[in-house]
Amino acid sequence: MSSPVTSRARRREFVAPSEYHYNRRSPLRWIISHMMRYPLFPAAVVVTSIINNYAYGNIQLFIGKGFDVISSAGWELSALLAVSLVIVVSALTQGVTGLLRNFAVVFLAQRIERDSREELYGNLLGKSQTFLGRQRVGDIMARATNDVRMINMMFSPGLMLIIDSGLALVVPLVMIVFIDPWLSLVPLIFTALLVLTVWDYNRKLKPVSIRQREQFGAMNAALQEATSGIEVVKSNVRERYEWDKFTQNARAYRDSFVTQGEIQARYWPMMAFAVCWGAALLHGLILWKSGAVTLGQVVGFMGLFSTFRFVTFISIFSFNLVQLGVASAGRILSLVNVETEVDENAAGHAAQIRGRVEFQDVSFGYDAAPVLEKVNFVVEPGETVAIVGQTGSGKTTLTRLVNRIFDATSGSVRVDGVDVKDWSIASLRSQISTIDQDVFLFSLTVRDNIAFGRDGVTRESVLHAAASAQADSFIRGFKDGYDTEIGERGVMLSGGQKQRIAIARAFLTDPRILILDDSTSAIDSKTEDEIQRAMKRISSSRTTFIITHRLSQIRWADRIVVMRRGRLLDQGSHEELLQRCEEYRRIFAQI
Amino acid sequence: MGFVLDGLETESYDRAYSDRQLVERILRYFKPHSRKMGVVAIALALNSIAGTAGPILISRAIDLVAQKAEVTVILFLSLAVIALGAAAWLFNYIRQWYTARVVGDVVLELRSEVFDHAIAHDMSFFDEHPSGKIVSRVTSDTQDFSNTVTLVVDVLSQLLVMVALTAWLCTISLWLTAILLSMAPVAAGIALAFRALARRVTRQARRATAVINAQIQESISGIMVAKAFRREHSLFNTFTANNKLAYRVGQRRDIVLNLIFPVMGLAAGIGTGLVSYAGGVTVQGNGMSTGDWFLFMQAVGFFWFPLLNIASFWSQFQDGLSASERVFALIDADPGVHQTGESVRILVRGEVRFDHVRFAYSEKEMVLPDFSLHIRPGETVALVGHTGAGKSSIARLVTRFYEFQEGKLRIDGVDIRTLDLASYRRQVGLVPQDPFLFSGTVRENIRYGKPDATDDEVRYAATHVGKGDWLADLPAGLDTHTGERGSSISLGQRQLVALARVLLKDPAIFILDEATASVDPFTEAQIQEGLASVLEGRSAIVIAHRLSTIRKADRILVLEKGHIIEEGTHAALLKTSGHYSTLYNTYFRHQSLEYIENFSHRFPEEPTQRQPAGS
C-alpha cells in the first residue's frame, strides 16, 4: 500500500491496491479532498474563467474604442480595422478559454465521480459480512449510481456555473473601475439589488416548485394506481370515483402551476436591471459631460454593464445542484464511515464443526420492536430442520443468528456447545453456507459459477456436484453446456435452475451447517421432484436449516420448527406436531 | 441545454393525424380562452415594441447628446430608457401571467377528458397498452404539450423582436442589415449540427451506460457471495474495469455537450468584429450615424442567442404535436365492447350459458372457436388446462371485459349484450391471480366494492373469511396500511383481503384466477378456508392451480385450444386415465398428501445416513 495505514484499516477484510487517502471527517471536506487530488484542474477552471470573462469584457471595451475612432474627425479605416481585429482576437480568446474551462470542469467532475465510486466499492468490499448482510442492495446501488452522479453534477454544471456567473459579475466590474472608478457606482448598486431580488425570487419560488413537483408525483401515482388496478376499478364500477379523484389532483397541480407562473412572471431582477440600465446611462453621460470619460468609454461601459443581464438566470438552480451534491456526499460517507462492530475474535474457538446447534431463550429485536422472543430448541448434528411460518415471523432472522450476521439481544446460540460469540468468526463462517431465496449468480459460465468457491476444482468434481444437484440434465440441454454464460448476455435461468446451481456450488464447498432459504414452490411436478432430490442429497450428512413452503420438505424433515409472530409456537417431528399442534394440523388438513 | 435533448425520448410513431388536424383540434381547446389569448397577443406585441425601442432609443440618444449635451436632455433620455425598460417588464409580466392561466386551464381540461375516455375503455385496450404508457400519455405527454405551447409563445416574442429590429435596421442601412442577416444561417447551422451530434453522442452514451451500470450492479449484488468465498480481489478488478469504461463514455459525452456555448460565443464575437468594421465603412461613407453604428453592435447580440432557440423550434414543435397526437389517440380509441343500449337490469341468480360462442382475441389469435357451457346457479366449475387453452378468456367474457364475435352468452336467460353493465358488474365478483390493492387500509380495500357498507359489515365479511384469524396476523388488523399496490402485506394476505372484498360485495357470480406463486403453508390454509366460505351459495368459475381447490369443485372442465375435452369430478376423471390424468401428473400431483407420503420411497438409492432424530 502506498498510503498511510489507519487503525481502521486493520479491521478491514479487504484493502484495494494503491488506495488514496481521503478526508472523511465531513461531506464538505471529503469533496474538497477529492477535488484536491487534481489541484491543477480547479486552478485551471478559475484561471480560464477569468480570462474568458476578461476577453468578453474586452470586446465591449473595444466596441467603445471603435466608437471613439469613428466619432473623431478625419479617422482612418485602418484604425477601425485594428479595433475590429482586436475584437476578433478577443472573441477567439473567449472561445478557446471557454472550451478549456469546460474541458477542465468535465474532466474534474468525471474523475471525481469515478474516484468516489471506486472508493465506495473498495470500502464496501472491506466491510464485514455482518454489516453487509444487513444492508439492502437497492440502497447501496442508489449510493453507487445516483449519489455519485449527483456529485458529478455538483461540479458540472453546478460549480462551473456559479464560478462563471460570479466572475461575470466581478471581472466586468473591475474593468469598469479601470475606465473610471466613479462609474462603478451604479453597477455596485445593481449588484446589491440583484442579490436581493434573486434571493427573494428564489425564496418565493422554491416552496411552490417543490409543491408542484409533489403534486405532479401524486397525480402520477394515483393515475398509475387506477390504471394498474383497472380490473378492480371496472369490476366494482368505480370509474366515476376514480375520475373524481384524478381530477382533484389535476386541479391542485394546475393551481400550483399557475402560482409558479405568477411568481416567474413577476421577475423583479429584470426590473432592477431596467432601472439600473437607465441610471447607468445617466451616470455615464454626466461623467462624459464633465469630461472625465469619452463617449466611446460610455459606450464601452454600457456594453460591460449589459453582461450583468445574463448573470441572473443561471445562479438559482446551480446552488440547488451544489446542495444536492453535498447531501449525496453525506449519504455516501455515512456508509463508508461505518465501523464494523463485530470483532473478528481471531483468538476464539476454532474447530471442525460437528453440527449441534442450540437456541437458549433467544430474543432479538431492532430498537423496540421484537422480532424473536424466547426461542428454545436444539438441533442434533446432521439433522434437517424445517422452519415454517408466515412472512415476517422471524424465520430468516433466526438463521442469521447462527453465522452471527446478527447477535441475539438476550439468550444464547451455541454451536457444538460453544456460544457463537466465543467462536472465531473465520472458523465459524467458513463452515456455514447460506443459499438465499434470490440466488445470486455471476455472469460467468455455468462451470465457473459452480466452481466459484474453490480454487483448482477439477472438471469431474464440477460435473459430479451438478449431477448430485440434479442440474446436470438441464445444463447439458443448453447449446454450450457447461460453458454457457449465465445472465443477460447468455441464458436466463428459472428460479429452480438457479437454486440447483447454488446447491451444486454448495456441494463443492461442503459446509458443516447449511442454511437453505427455499421460499418457493414449483409449478410442475417434474421440476418439483428434481428439486426435492437435490435438496435431500445436500442436506444429508450435514446439519441443515430449511426455510420452506414445500409440504414435502416439512413432512420429511427430522425436526419442524413452527414460528408465529416471532415466537416458537411448537417444534418436533411431523407425527408429534400432528398430535399436539392445532395450527400445524390445519396445514395438512386441506389436501 | 434543454433545447438539445428535447425529443430524445420520443419513439418513432406512426402519425395518424395530419399536422393541420392536430393544430385545429388543439386550437379548439383554446377557444374558450380567446379573450385571455387576445390579451396575451397584445402584451406580446407591446413587449416586443418596447424591447426593440430600447436599443434604438439609446442609439438615438447617443447621436443627440453628441450634438446637444444638455443635462435636461440627458436626464430626459435616461428616464425614457428606464420607462421603456419598465414597460417591457410590465408587458412581459402580463403576458406570462395570462399565459400561465390559459395553459394551466387547457391542460387541466385535456387531462380530465383523457382520463375520462381512458378509463371507459374496455380491457382489451388495457391489455394492448401497458399501464405505464397510458399514464405517461395522460401526465407526461400533456406536460410536453403544455411546455410546447409556452415555447411557441416565447419563440414568437423573440421572433417579433428580431423582425421589428430588422425592419428598423433596414431603414438605416440595407446592406449592413444584409450582412447581419447572413449570420443567421451560420448560427442556425451551428445549432442544428450541434444538436444532431449531441443527440447521437447521448444516445450512444446512454446505451453504453446502461450496460456498464448493469455490470456495476452485479458487482455490488455479488459482494456477499464474493466475501463468502473470499473472492474480493477478482470482483474488485472486474468492478474497476467497468468503472473506467463508464468514466470514458461519460467524459466523451459531457465534453461534446459542453461545446455549444463557447462555440456560439466565439462565432458571435467574430460576427461582432465583422459588423464593427463593415459598419464603420458605412459611417465613413456617411451612410449612417455613430449612434446607428452602436445600434448595429447591440443588434448582433439580439440575433445570435435567440437564433439558438428558433433553430430548434421546428423540431420541438413537432415533438409537441406528437405528444398531442398520442393524447388524442388515447381519447379516440374505439371501444371493443358494444352493448345494445337497452340497459336491462336483473337480479342475477347465477345461471350462465355459453351458446356456440366464438372469440378471437385479435385477427391472428383464435381462442374459442365454438364454445358452449351451461353453469347452474350455485355451481362451482373448475377450469384446468395448459396455458393458452382459453381458461381466462372464458372467465373474462362473463365479466363482459371482452367482446366475442359470434354466438350468445346469456345470464339467467338474458343476453349479456342487453344488460346494464354497471348493475350487472356489481353482482359479479372477480379475484385475479395477483390481487390489486389500493394504497390505504385493509378496511378501505375491503370496502371498495361496496362504498356504502358500514364498519360492522366490513368486519363481518373479514371475520367470515375462513376462521377470521388472518386479521390477527396483520400488524394493525383492519387498519393495517397496505402500501403501494398492497406491497406492505404479503401476497397471501392480499388474496385474503380480496376474498373479504368479494364476501362483502356478495355477488351471485364469483370468478377466481388462482395464484401460482407460492404462499407459506399457514396463509395457504387460511386462503383455502376462506375460499370455502366464498364459494358457498353462489355460482363460481375458478381457474384452478391448487389441488385442494379442484377437489372442492362440483365440476371440472378440461380445456384444450378452446374446447372442453373432458368433464367430471376429480375422482372420476382420474380413473379414465385421459388428458386430465396427464395434467394432474404434470401440475398437481406433487401437491397431494398421498404423493408426499411416498417421498422416501421415491429415492430408494439414497442411503439414509441421518442420525436418529433427537427430541
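Hydrogens, waters and symmetry mates play no part in the numbers below; they use all other heavy atoms, side chains included. First the proteins, then the strands, lettered A, B, ... as listed; each starts at 1.
For B/Phe126, the part sitting under 4.5 Å from any heavy atom of chain A is the side chain, from C-beta outward, and nothing else. For B/Phe401, the part lying near chain A is the side chain, with the backbone staying farther off; criterion is any non-hydrogen pair under 4.5 Å. Using a 4.5 Å cut-off between heavy atoms, A/Val105 makes no contact with chain B at all. Heavy-atom distances place no part of A/Leu85 under 4.5 Å from chain B, backbone and side chain included. Only the side chain of A/Arg505 comes within contact range of chain B, judged by heavy atoms closer than 4.5 Å. In this structure, the portion of B/Leu430 lying under 4.5 Å from any heavy atom of chain A is its side chain and not its backbone. Of the two parts of A/Lys289, only the side chain, counted from C-beta on, holds a non-hydrogen atom closer than 4.5 Å to a non-hydrogen atom of chain B. Both the backbone and the side chain of B/Val225 come within less than 4.5 Å of a heavy atom of chain A. Contact of B/Ile58 with chain A is made through the side chain alone, with heavy-atom distances under 4.5 Å. Neither the backbone nor the side chain of A/Phe273 comes within contact range of chain B; no heavy atoms are under 4.5 Å apart. Residue A/Thr509 touches chain B through its side chain alone, counting heavy-atom pairs closer than 4.5 Å. Only the side chain of A/Phe246 comes within contact range of chain B, with heavy atoms under 4.5 Å apart. For chain A, no part of B/Thr399 is nearby; none of its heavy atoms comes within less than 4.5 Å. Contacts of A/Arg565 with chain B are made by side-chain atoms alone, with heavy-atom separations under 4.5 Å and no backbone atom involved. Looking at B/Ser219, the atoms closer than 4.5 Å to chain A (heavy atoms on both sides) sit in the backbone and in the side chain alike. In this structure, no portion of A/Ser433 lies under 4.5 Å from any heavy atom of chain B. Within the 4.5 angstrom heavy-atom criterion, atoms from both the backbone and the side chain of B/Asp473 approach chain A. Contacts between B/Ile220 and chain A at a heavy-atom distance below 4.5 Å involve backbone atoms as well as side-chain atoms. Heavy atoms closer than 4.5 Å to chain A are found in both the backbone and the side chain of B/Lys244. Contact annotation for B/Ala120: only backbone heavy atoms (N, CA, C, O) come within less than 4.5 Å of a heavy atom of chain A. Of the two parts of B/Val71, the backbone and the side chain both hold a non-hydrogen atom closer than 4.5 Å to a non-hydrogen atom of chain A. Looking at A/Ser573, there are no atoms closer than 4.5 Å to chain B (heavy atoms on both sides), in backbone or side chain. Proximity to chain B (any heavy atom under 4.5 Å) is shown, for A/Arg266, by both the backbone and the side chain. Using a 4.5 Å cut-off between heavy atoms, A/Tyr253 contacts chain B through its side chain alone, with no backbone atom that close. Both the backbone and the side chain of B/Asp105 come within contact range of chain A, judged by heavy atoms closer than 4.5 Å. Using a 4.5 Å cut-off between heavy atoms, B/Trp293 touches chain A through its side chain atoms alone. When heavy atoms are compared at a cutoff of 4.5 Å, A/Glu242 approaches chain B by way of both its backbone and its side chain. Of the atoms belonging to A/Leu281, heavy atoms from both backbone and side chain fall under 4.5 Å from chain B.
Under the 4.0 Å criterion applied to side-chain N and carboxylate O atoms, B/Arg589 and A/Glu528 are not assigned as salt-bridge partners. Salt bridge status for A/Glu225 with B/Arg485: absent, with no side-chain N to carboxylate O gap under 4.0 Å. Taking 4.0 Å as the cut-off between side-chain N and carboxylate O, A/Glu262 and B/Arg101 count as a salt-bridged pair.
You'll find the side chain of B/Arg425 stays beyond 4.5 Å of the side chain of B/Val428, heavy atoms only. B/Phe239 places none of its side-chain heavy atoms less than 4.5 Å from the side chain of A/Leu125. In this structure, A/Tyr267 and B/Asn92 have side chains that are not in contact, with every pair of non-hydrogen atoms separated by 4.5 Å or more. No side-chain heavy atom of A/Asp558 sits less than 4.5 Å from a side-chain heavy atom of A/Glu380. Side-chain contact between A/Trp288 and B/Val65 is present, with heavy atoms from C-beta onward closer than 4.5 Å. Side-chain contact between A/Glu239 and A/Lys234 is present, with heavy atoms from C-beta onward closer than 4.5 Å. The shortest side-chain heavy-atom distance between A/Phe588 and A/Ile554 falls under the 4.5 Å cut-off.
In terms of heavy-atom pairs under 4.5 Å with chain A, the best-connected choice from B/Ile82, B/Ile489, B/Leu77 is B/Ile82. Chosen from A/Ala274, A/Ala265, A/Gly278, the residue pairing most often with chain B at heavy-atom distances under 4.5 Å is A/Ala265. Counting heavy-atom pairs closer than 4.5 Å to chain A, the top-ranked of the candidates B/Ser423, B/Ala226, B/Gly250, B/Ser490 is B/Gly250. If you tally non-hydrogen atom pairs under 4.5 Å between each of B/Arg501, B/Gln284, B/Gln96 and chain A, the highest count goes to B/Gln284. Heavy-atom pairs under 4.5 Å with chain B peak, among A/Arg111, A/Arg101, A/Met302, A/Gln264, at A/Arg111. When the candidates B/Gly85, B/Gly265, B/Ala100 are compared by the number of heavy-atom contacts under 4.5 Å with chain A, B/Ala100 comes out ahead. Ranked by heavy-atom pairs under 4.5 Å with chain A, the list B/Ala267, B/Ala61, B/Pro262 is led by B/Pro262. Of the listed residues (B/Val107, B/Leu235, B/Val81), the greatest number of heavy-atom pairs within a distance under 4.5 Å of chain A belongs to B/Leu235.
A donor-acceptor contact shorter than 3.5 Å is absent between the side chain of A/Gln94 and the backbone of B/Gly269.
In this pair, B/Tyr247 and A/Phe107 present their aromatic rings perpendicular. The plane angle is above 60°, beyond the 30 to 60° band. Taking the six-membered ring where tryptophan is involved, the planes of B/Tyr448 and A/Tyr241 are perpendicular, since the angle between them exceeds 60° and thus also 30°. A parallel orientation is assigned to the rings of B/Trp89 and A/Trp268, their planes being inclined by less than 30° (bins at 30° and 60°).
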- Between B/Ser221 and B/Gln217, does a side-chain hydrogen bond (donor to acceptor under 3.5 Å, both in side chains) hold up when you go through it step by step? CA-CA 6 Å; B/Ser221 310; B/Gln217 170 149 27; 4.7 Å; no
- Task: Step by step, work out the side chain to side chain contact (heavy atoms under 4.5 Å, CB included) result for B/Thr272 and B/Met297.
- Result: CA-CA 7 Å; B/Thr272 308; B/Met297 299 311 294; 3.2 Å; yes
- Task: Take B/Arg111 and A/Arg254, measure what side chain to side chain contact (heavy atoms under 4.5 Å, CB included) needs, and give me the verdict at the end.
- Result: CA-CA 11 Å; B/Arg111 280 185 176 141; A/Arg254 189 271 317 262; over 6 Å; no
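Side-chain N/O atoms of A/Gln224 and B/Ser131 include a donor and acceptor closer than 3.5 Å. Residues A/Ser443 and B/Glu218 have side chains that bring a donor and an acceptor to within less than 3.5 angstrom of each other.
Around atom CD of B/Glu70, more than 12 heavy atoms belonging to other residues, nucleotides or ligands sit under 6.0 Å away.
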